[in-house]
2 protein chains.
Amino acid sequence: MRFIAYIEGKDRPGLLRDVTIALTDLGSNIVFSVGFSSEGTSYLLFILQYEGSASELEDILNTVKDIESVDVEEAGPEAADLLAKYIEEFPAITKELTKYLHPSEFLDILVRLDEPLRHTIYPSLGSKYLGQLLRVAPQEIIEEVCRYVHPKVLAQALVSLNPDEQADILQLFPKGVRRAVIQYIPPEVLESVRSLLKYPPESAGGIMTSNVPVLHEEQKVSDALELLRKRHFEVFDVIYIVSKEGKLVGYAYVADLLKEKPNSRLSKVARRDYVAVDPFDDREVVARLMIKYDLTRIPVVDVDGKFLGVITIDDVADVIIAEESEDLFMLSGISKVGRSRYLTARVKDLFKRRFLWLLLIYLIESFTARIIQGYSGLISRVAILAAFIPLIIGTGGNAGAQASALITRALALGEVTARDVLRVVVKELLTCGLLALGMASIGFIFAFSISFNVVISIIVAIALASVIVIADIIGALLPLIASSLDLDPAVLSGPLITTVVDVAGLFTYFLIATTILTI
Amino acid sequence: MRFIAYIEGKDRPGLLRDVTIALTDLGSNIVFSVGFSSEGTSYLLFILQYEGSASELEDILNTVKDIESVDVEEAGPEAADLLAKYIEEFPAITKELTKYLHPSEFLDILVRLDEPLRHTIYPSLGSKYLGQLLRVAPQEIIEEVCRYVHPKVLAQALVSLNPDEQADILQLFPKGVRRAVIQYIPPEVLESVRSLLKYPPESAGGIMTSNVPVLHEEQKVSDALELLRKRHFEVFDVIYIVSKEGKLVGYAYVADLLKEKPNSRLSKVARRDYVAVDPFDDREVVARLMIKYDLTRIPVVDVDGKFLGVITIDDVADVIIAEESEDLFMLSGISKVGRSRYLTARVKDLFKRRFLWLLLIYLIESFTARIIQGYSGLISRVAILAAFIPLIIGTGGNAGAQASALITRALALGEVTARDVLRVVVKELLTCGLLALGMASIGFIFAFSISFNVVISIIVAIALASVIVIADIIGALLPLIASSLDLDPAVLSGPLITTVVDVAGLFTYFLIATTILTI
């Protein structure tokens, strides 16, 4: 395992040597080390390979004479914080450090640095490393890089990536920069990027790669093996076989080719049991399809059957994670964005993503105030009724959120469709019937322990049961309705459901209260 | 695209022929068709390949004489409902239908059939198809199959799968069945399954496959190609190279091997830049690692460096989806389960997964009743105060849920760690400060429009602003605290945060109200 060790000690000759000996004696392998001194203190940084724990390393380092403080973390985001602290003190080390860090690891450090320091780092990075960094960087970092790195270097950074990645990143560049960068990209590269830019980033075409071995059906097995020997492809365990017109005929595993006679025609060895997608298909649909049928790659063909490229399962995993974030945020009332990271997200953007939702929900929730105001006479007389408001609508909201999460998820995974509405309603009525019974009994006992009033406790129990049933059915039906209207079910779940349930629940509560109290 | 068409018409000679001609004339390709008649009505079912839309097919079918109703759906869960209806009427067709359906598609149908009908279907399936079905089936279906299929057939079904899949499914069998099935599994197969059963299903060892080409470092490139020619492997684009003691030395792409001289030693061509994981590592950690570093496969080695197997990115995609469901459910107050599907989940299990959460949240939320009761004197006098309770605590809950979702997600993706607590607090204070300002102004205007009372409106505005800030900080800090205690941050988010915020918000509201009203 890899560890980062940050050490402060009294500046004296031999300190670095003593620390190195202590670490080596423990059996750890020093990958990289650096130190600098300032005002009588030495600051040392180590990257280590060690098959033990961080605390063992800390213990051994603390035994070295003149060491004042030690901080060891396993490589990962926690260590990024440590490295960021060191870079803040000693920025000159950055370029050297990148040699030992995967661009993803380096990004974890970057986002923890102050913005002005980041600006000085970008131009110092090699163009290939910069390309790898742009591939994983959030929107905010990409925009910063564009401001501080020359378009020519940006073009060099891009060209080191695959065409689909280039297309992705180009779309995130500000318009002016994009135009400047394109001038420096060789025409033949630009050609293949342009053909990908035709497709929206959220479509199958936007995530496919065209860097795959494509052969003509009249060619031979030996031709395919020859091509694989000569060139590097992004997909290299499968070859795709096309007709004269470029139509997809089939595919063959490289492992299969090894088993065939070298002079067999590819049309003979082609497997034809493929499923293909359209470049304009939604990328999430493609992702779920690939996972459902356990496909590791899926060809993309246009309406005429022409082969365009391949989507690989590793791109799909990224899609799933991105869509997962979107769903989670929607469920919590946060507008979606493209590529963004919490630590680099601007406060004004976070505000914008949250404020509109808070406001919308506030406006719907405001009906509760009107309802309660309508019953203010009742509340003045029976003030204890107010005590149970949050409890009743809160429990309803939770039951509604549960039902909506179950159905939204089942819809997303294709386990349930809008056609299953009857099956869902029957199952939910049974489940929430049980929940209502259970919670009503507990609600009665609890309300009595507060109010010492049987009538109030009966009101609370009945209201609780009714609100759970109403909330559950609303929570289960809204996503189904959204889905049958071709809306994302997640839009109608989360805070919106809780709020609608609050209003409906409060109304039910006071209706039951007035009915029972007037009997 | 594939479509399912279900047709009802008057039973007459030539109806099937007329429908077939109509479909063929439109340019669709009939993959499968079946029909039966009952009481003067013909029921026809078609599986079609057609490059148009469902409504085009419906239109053309409606032109055929004596057709009474037509229902066409694109292949997918919606079509599953159609096929299920047909099977309910004509169960004898099941076995024939399975020939045209991927086991995942057939599962979509199964879960929509009545349970007794399902029981009659299981024994009629071929053992290989049954194996594929068990691979994707939810827990409930697996248990049903165990009750109606002989252990010997179950064993045959298992043996047709990869060892990691066999281990997975065996663990889902009821104990008695497992013991019976194992007797029928050939000892050499059982051996490799047993070695996988050592690892928990949620661990790296639980999802790895051992069906990969492994060669000794002294062997030659030609030996590797020979092995690939002779045997089928689950992973076949990479070979793994081990030492005499079975320690992992490195790996090589098959595409690389093609570029090497046949008599080169594998120790010379081995790439050594691999990252490996321990079999007991958490599978979600492995999944995120693979996605972060764009790995399509990762070797698993034990503490001694011995090579055990490989985890492939397609297994990881399944993991991501499973964990995604767990997180979403936790966020909505639903206990997690293993493999379950909404349509087959038993009501009593759904009840159990929801009731404990509802109860727990109820008990915490019940503090709100005590707080309001404590202020019942105040409420009797100023009843309008009660009107704003849901609005204030609801808005607080939403702000808290937003902050908690942002931080929980950033933690899950490794973008933020417990060490970043200061960075998070600064950013949240700025964001929620803006949100509080915005909502307080709107809250004031709105409260005045209801109460026509400046003092009440000031109370509401100040309470709203305070509650948003408190809720936001609670929402942001709880996941960080959970993470630093090595708990899943999602446990402390969702309904728990909303409830804690309700209590804190209510307390703040009445504190502000009494303070201002007594001035």
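Lettering of chains follows the sequences in order, A, B, ..., and the numbering in each one begins at 1.
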Quiz prompt | Contact class of B:Ala403 relative to chain A, heavy atoms under 4.5 angstrom | solution = both
Quiz item: If you count the non-hydrogen atoms of other residues, nucleotides and ligands that lie under 6.0 Å from CZ in B:Phe367, is the total more than 12?
Solution: no
Self-check item: Selection from B:Thr368, B:Ile379, B:Val382 maximising heavy-atom pairs under 4.5 Å formed with chain A
Solution: B:Thr368
Self-check item: A:Leu358, part contacting chain B, at a heavy-atom distance under 4.5 Å
Solution: both
Quiz item: Side chain, backbone, both or neither: which part of A:Arg112 has a non-hydrogen atom closer than 4.5 Å to chain B?
Solution: both
Self-check item: Contact origin within A:Ile384 toward chain B - heavy atom pairs under 4.5 Å
Solution: side chain
Exercise. Using distance alone, with no hydrogens and no angle criterion, decide if A:Asp315 and A:Thr312 have a side-chain donor and acceptor under 3.5 Å apart.
Key: yes
Exercise. Using non-hydrogen atoms and a 4.5 Å limit, figure out which bit of B:Leu413 sits close to chain A: side chain, backbone, both or neither.
Key: side chain
Quiz item: Is any side-chain heavy atom of B:Ile450 less than 4.5 Å from a side-chain heavy atom of B:Phe388?
Solution: yes
Quiz item: By a 4.5 Å heavy-atom criterion (distance strictly below it), what part of B:Lys352 contacts chain A: side chain, backbone, both, or neither?
Solution: neither
Quiz item: In terms of heavy-atom proximity below 4.5 Å to chain A, should B:Arg297 be classed as side chain, backbone, both, or neither?
Solution: neither
Quiz item: Given that the side chain runs from C-beta out, which part of A:Tyr362 has a heavy atom under 4.5 Å from chain B: side chain, backbone, both or neither?
Solution: both
Exercise. Go through the atoms of B:Arg341 and report whether side chain, backbone, both or neither lie under 4.5 Å from a heavy atom of chain A.
Key: both
Self-check item: Side chain, backbone, both or neither of A:Leu464 within contact of chain B (heavy atoms, under 4.5 Å)
Solution: side chain
Quiz prompt | Toward chain B, the part of A:Arg2 with a non-hydrogen atom under 4.5 Å | solution = neither
Quiz item: So what's closer than 4.5 Å to chain A heavy atoms on B:Asp502: side chain, backbone, both or neither?
Solution: neither
Practice problem: Counting only heavy atoms closer than 4.5 Å, note whether A:Ala410 contacts chain B via side chain, backbone, both or neither. | Solution: side chain
Quiz item: Considering only heavy atoms, which portion of B:Phe329 lies under 4.5 Å from any heavy atom of chain A: side chain, backbone, both, or neither?
Solution: side chain
Exercise. With a 4.5 angstrom heavy-atom cut-off, could you sort out which part of A:Phe446 is near chain B: side chain, backbone, both or neither?
Key: side chain
Practice problem: Please tell me if the side chains of A:Tyr342 and B:Arg423 come closer than 4.5 Å, counting only heavy atoms from C-beta onward. | Solution: no
Quiz item: Quick one: of B:Ile393, B:Asp294, B:Ile389, B:Leu225, who has the most non-hydrogen atom pairs under 4.5 Å with chain A?
Solution: B:Asp294
Quiz item: Side chain, backbone, both or neither: which part of B:Leu435 has an atom under 4.5 Å from a heavy atom of chain A?
Solution: both
Quiz item: Is it the backbone or the side chain of A:Leu434 that comes under 4.5 Å from a heavy atom of chain B, or both, or neither?
Solution: both
Quiz item: By a 4.5 Å heavy-atom criterion (distance strictly below it), what part of A:Leu289 contacts chain B: side chain, backbone, both, or neither?
Solution: neither
Self-check item: Which portion of A:Thr296 sits near chain B, non-hydrogen atoms under 4.5 angstrom
Solution: side chain
Self-check item: Portion of B:Val424 that has a non-hydrogen atom of chain A nearer than 4.5 angstrom
Solution: both
Quiz prompt | Residues A:Glu324, B:Arg409: salt bridge by 4.0 Å N-O rule | solution = yes
Self-check item: B:Val416 versus chain A, the contacting section by heavy-atom distance below 4.5 Å
Solution: both
Exercise. Pick one of side chain, backbone, both or neither for A:Val136, based on which atoms fall under 4.5 Å of a heavy atom in chain B.
Key: neither
Practice problem: Flag the one option from A:Ser104, A:Gly333, A:Ala401 with the top tally of heavy-atom pairs under 4.5 Å to chain B. | Solution: A:Ser104
Exercise. Output yes when A:Arg354 and B:Glu428 qualify as a salt bridge under the 4.0 Å nitrogen-oxygen rule, no when they do not.
Key: yes
Quiz prompt | Per-residue contact mode, B:Arg370 against chain A (heavy atom under 4.5 angstrom) | solution = both
Quiz item: Of all of A:Lys348, A:Met1, A:Arg419, A:Glu226, which one pairs up most often with chain B through heavy atoms under 4.5 Å apart?
Solution: A:Arg419
Self-check item: Contacting moiety of B:Asp256, where chain A heavy atoms sit under 4.5 Å
Solution: neither
Self-check item: Residue selection (most heavy-atom pairs with chain B, distance under 4.5 Å) from A:Pro495, A:Ala399, A:Ser451, A:Ala418
Solution: A:Ala399
Practice problem: Could you tell me which portion of A:Ile407 (side chain, backbone, both or neither) has an atom closer than 4.5 angstrom to a non-hydrogen atom of chain B? | Solution: side chain
Quiz item: Using a cut-off of under 4.5 Å for heavy-atom pairs, which of A:Leu343, A:Ile320, A:Asp108, A:Leu328 has the most such pairs with chain B?
Solution: A:Leu343
Quiz item: Does any heavy atom of chain A fall under 4.5 Å from the side chain of B:Asp472, the backbone, both, or neither of them?
Solution: side chain
Self-check item: Segment of B:Tyr293 engaging chain A (4.5 angstrom heavy-atom cut-off)
Solution: both
Quiz item: At a heavy-atom separation under 4.5 Å, does A:Ile361 approach chain B through its side chain, its backbone, both, or neither?
Solution: side chain
